[in-house]
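Every heavy atom of this structure was used, including side-chain atoms; hydrogens, water molecules and symmetry mates were not.
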Amino acid sequence: MSGTDLSIGLSAVIVSVTDEVPHVLTVDRAEAGEEHRHALPFGPLDPAGDRTLELGLRGWVRQQTGLELGYVEQLYTFGDRDRIVSASVGGRVISVAYLALMRESDAELGRQAEWNDVYSFLRWEDWRRGRPSVIDERIAPALGQWVMNGPPEEQRDRRERVEITFGLGRSQWDGERVLERYELLYEAGLVPEAGASHSDALGTRAMALDHRRILATALARLRGKLKYRPLVFEVMPPEFTLLQLQKVVEALSGVRLHKQNFRRLVDRGGLVEGTGRVDARTGGRPAELFRFRREVVRERPSPGVGLPSLRSV
């Protein structure tokens, strides 16, 4: 392939939640000289053999992980120049990324695939136990230095971006700014994908190529759509307690929610219905089991679980 050639790649961000941990499926990228081995399942589009982009993606995922995907939606197209630097790939590579959701218990993985905690790659995004210490201990000081090192005419704008993006100063944390936060860290040279001198500067794991940027895009999309689409039920078992549902929503959104407000919102939205059975494994009073009401998709234009006011930590 010459330097002027263009190729199309397909990438999958496959998300599940188990034991209150949001997981992303990665494969081992073991190319010679590749420092960051965690990669999203990906592969080139076969223009002649793949009837659609999604079918091509499903084929690559099946080959690399052993999984048959269920829910899939197109996420974004990544086409920055030099986004892939590899001895085996030349020219410019456009990657069409997809978001897939599934129950992890359904999966029997291939030998080189494994589930990883999403927040091990994006440590600053998990606020369920309060403000992550990495923000005050590492990120805020490093970004403050980046602000001061900028040209005088840019320092005010840089400081404002830092405060808004990471909820510093008088700004509030916005859970949906996942991609903006990663891109700011990249611009400031604080992540190894940007050539940072210390790969553990923020105490997180890097990913191959630009796959952490793709993961950040997927998490932002997922958090936004929780409010108006019932996507959370794609990672839930067929029957669940309301507490289990809340814990999964908290895992994906990265924040704790008020129990009663959450239940009131779910009930008012007609998202679930009781099964008449209980779960006696809760360790206390048996909890009623519910299931997703699929009819709600026809009844309401935006049947999401929403994010009620946060619980104090």
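Residue Q155 holds its CD atom at 14.0 Å from CD of E160, rounded to the nearest 0.5 Å. Note that CZ of R300 and CD of E295 are 13.5 Å apart. Values are rounded to the nearest 0.5 Å. Of the inter-residue distances, the one linking L209 atom CG with I214 atom CD1 reads 8.0 Å to the nearest 0.5 angstrom. Distance check, rounded to the nearest 0.5 Å: CG of L69 to CG of L57 gives 6.5 Å. The structure places CG of D136 at 7.5 Å from CG of L168, a figure rounded to the nearest 0.5 Å.
Counting heavy atoms from C-beta outward, F166 and L143 have side chains that approach closer than 4.5 Å. Here the side chains of P303 and R229 are in contact, with some heavy-atom distance below 4.5 Å. With a 4.5 Å cut-off on side-chain heavy atoms, V178 and L215 do not count as touching. Contact annotation: the side chain of F290 never approaches that of V266 to less than 4.5 Å [non-hydrogen atoms, C-beta and beyond]. A 4.5 Å side-chain heavy-atom check between V96 and S11 finds every atom pair outside the cut-off. Two residues are said to be in side-chain contact when any heavy atoms from C-beta on lie closer than 4.5 Å; F292 and V232 fail this criterion. Inter-residue side-chain proximity for I14 and V24 is flagged as unmet; no heavy-atom pair is nearer than 4.5 Å. With a 4.5 Å cut-off on side-chain heavy atoms, L10 and F42 do not count as touching.
Using a 30° and 60° split on the angle between ring planes, F240 and F233 fall in the tilted class, from 30° to 60°.
Counting only distance, with no hydrogens or angles, the side chain of H38 and the backbone of M207 share no donor-acceptor pair below 3.5 Å. Distance alone, capped at 3.5 Å, is enough to place a donor-acceptor pair between the W60 side chain and the P44 backbone. In this structure a side-chain-to-backbone donor-acceptor pair under 3.5 Å is present from S120 to D117. Counting only distance, with no hydrogens or angles, the side chain of T275 and the backbone of L289 share a donor-acceptor pair below 3.5 Å. Judged purely by atom type and a 3.5 angstrom limit, S95 has no side-chain atom pairing as donor or acceptor with the backbone of A97. Between the side chain of R277 and the backbone N or O of E288 there is no donor-acceptor pair closer than 3.5 Å. Although no hydrogens or angles enter the test, the distance criterion places no donor-acceptor pair under 3.5 Å between the side chain of E154 and the main chain of P151. Between the side chain of E104 and the backbone N or O of S16, no donor-acceptor pair lies under 3.5 Å. In this structure, R293 contributes its side chain and G270 its backbone to a donor-acceptor pair below 3.5 Å.
With sequence neighbours excluded, the residues satisfying side chain to side chain contact (heavy atoms under 4.5 Å, CB included) with R159 are V147, M148, E163.
Donor-acceptor pairing under 3.5 Å is lacking for the side chains of E180 and Y182. Side chain to side chain, Q74 and Y98 meet the donor-acceptor criterion of an N or O pair below 3.5 Å. Side chains of R103 and T18: no donor on one and acceptor on the other come within 3.5 Å. Judged purely by distance below 3.5 Å, without hydrogens or angles, the side chains of S253 and R223 never pair a donor atom with an acceptor atom. Under 3.5 Å, the side chains of N116 and T26 contain a donor-acceptor pair of N or O atoms.
Ion pairing between a basic and an acidic side chain is recognised when a charged N comes within 4.0 Å of a carboxylate O; E250 and R256 show such pairing. The existence of a salt bridge linking R264 and D267 is excluded, since no basic side-chain nitrogen approaches an acidic carboxylate oxygen closer than 4.0 Å. Using a 4.0 Å cut-off between charged side-chain N and carboxylate O, R213 and E193 make no salt bridge. R161 has a carboxylate O that lies under 4.0 Å from a charged side-chain N of E187, or vice versa, which qualifies the two as a salt bridge.
For V27 against A113, the heavy-atom pair with the smallest separation is CG1-CB, 4.2 Å. The shortest heavy-atom contact between P41 and T65 is CG-CG2, 3.9 Å. Residues P132 and W124 share a closest heavy-atom pair of CG-O, 3.6 Å. Pairing each heavy atom of D174 with each of R181, the nearest pair is O-NH1, 2.9 Å. Residues A251 and P22 come closest through the heavy atom pair O-CG, 3.5 Å.
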R221 and E176: CA distance, side-chain angles, deciding distance, salt bridge (Lys or Arg N to Asp or Glu O under 4.0 Å) verdict: CA-CA 8 Å; R221 166 77 65 85; E176 293 181 39; over 6 Å; no

Intermediate values then yes/no, side chain to side chain contact (heavy atoms under 4.5 Å, CB included), L231 and E73: CA-CA 11 Å; L231 295 186; E73 67 172 70; 4.1 Å; yes

ring-ring contact (aromatic ring centres under 6.0 Å, His included) between F78 and Y76, intermediate numbers included: CA-CA 6 Å; F78 297 83; Y76 195 76; 5.0 Å; yes

CA sep, side-chain torsions, deciding dist, call: L99, V72, side chain to side chain contact (heavy atoms under 4.5 Å, CB included): CA-CA 6 Å; L99 170 64; V72 171; over 6 Å; no

Derivation of the side chain to side chain contact (heavy atoms under 4.5 Å, CB included) call for V248 and M236: CA-CA 8 Å; V248 170; M236 298 297 299; 3.4 Å; yes

Verdict with reasoning, R212 to L122, per side chain to side chain contact (heavy atoms under 4.5 Å, CB included): CA-CA 8 Å; R212 190 149 58 145; L122 302 168; 4.0 Å; yes

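Heavy atoms from other residues, nucleotides or ligands lying under 6.0 Å from CD of E273 number more than 12. Around CG of D19, the count of heavy atoms belonging to other residues, nucleotides or ligands within 6.0 Å does not exceed 12. The neighbour count for R156 CZ, taken as heavy atoms of other residues, nucleotides or ligands under 6.0 Å away, does not exceed 12.
For the side chain to side chain contact (heavy atoms under 4.5 Å, CB included) with L252, the qualifying choice from L219, V305, L226 is L226, the only one to do so. For the pairing with R263, the side chain to side chain contact (heavy atoms under 4.5 Å, CB included) check across L257, V272, L242 returns one residue only, L242.
A cation-pi arrangement is found for R205 relative to F121, the charged atom lying closer than 6.0 Å to the ring centre and inside a 45° cone about the ring normal. A cation-pi arrangement is absent between R131 and W173 under the rule of less than 6.0 angstrom and at most 45 degrees off the ring axis.
In the hydrophobic cluster analysis, where Ile, Leu, Val, Met, Phe, Trp and Tyr join through side-chain heavy atoms closer than 4.5 angstrom, L222 is grouped apart from Y228. When hydrophobic clusters are built by joining Ile, Leu, Val, Met, Phe, Trp and Tyr residues whose side-chain heavy atoms come closer than 4.5 Å, directly or via intermediates, I135 is not grouped with I164. Hydrophobic clustering of Ile, Leu, Val, Met, Phe, Trp and Tyr side chains at less than 4.5 Å, counting indirect connections, keeps V15 apart from L179. No continuous path of ILVMFWY side-chain contacts below 4.5 Å connects M102 to V21, so the two sit in separate hydrophobic clusters. Tracing side-chain contacts under 4.5 Å through hydrophobic residues (I, L, V, M, F, W, Y), one never reaches L55 starting from I8; they form parts of separate clusters.
Counting only residues at least two apart or in different chains, salt bridge (charged side-chain N to carboxylate O under 4.0 Å, His left out) contacts with residues 41-57 comprise E54-R58.
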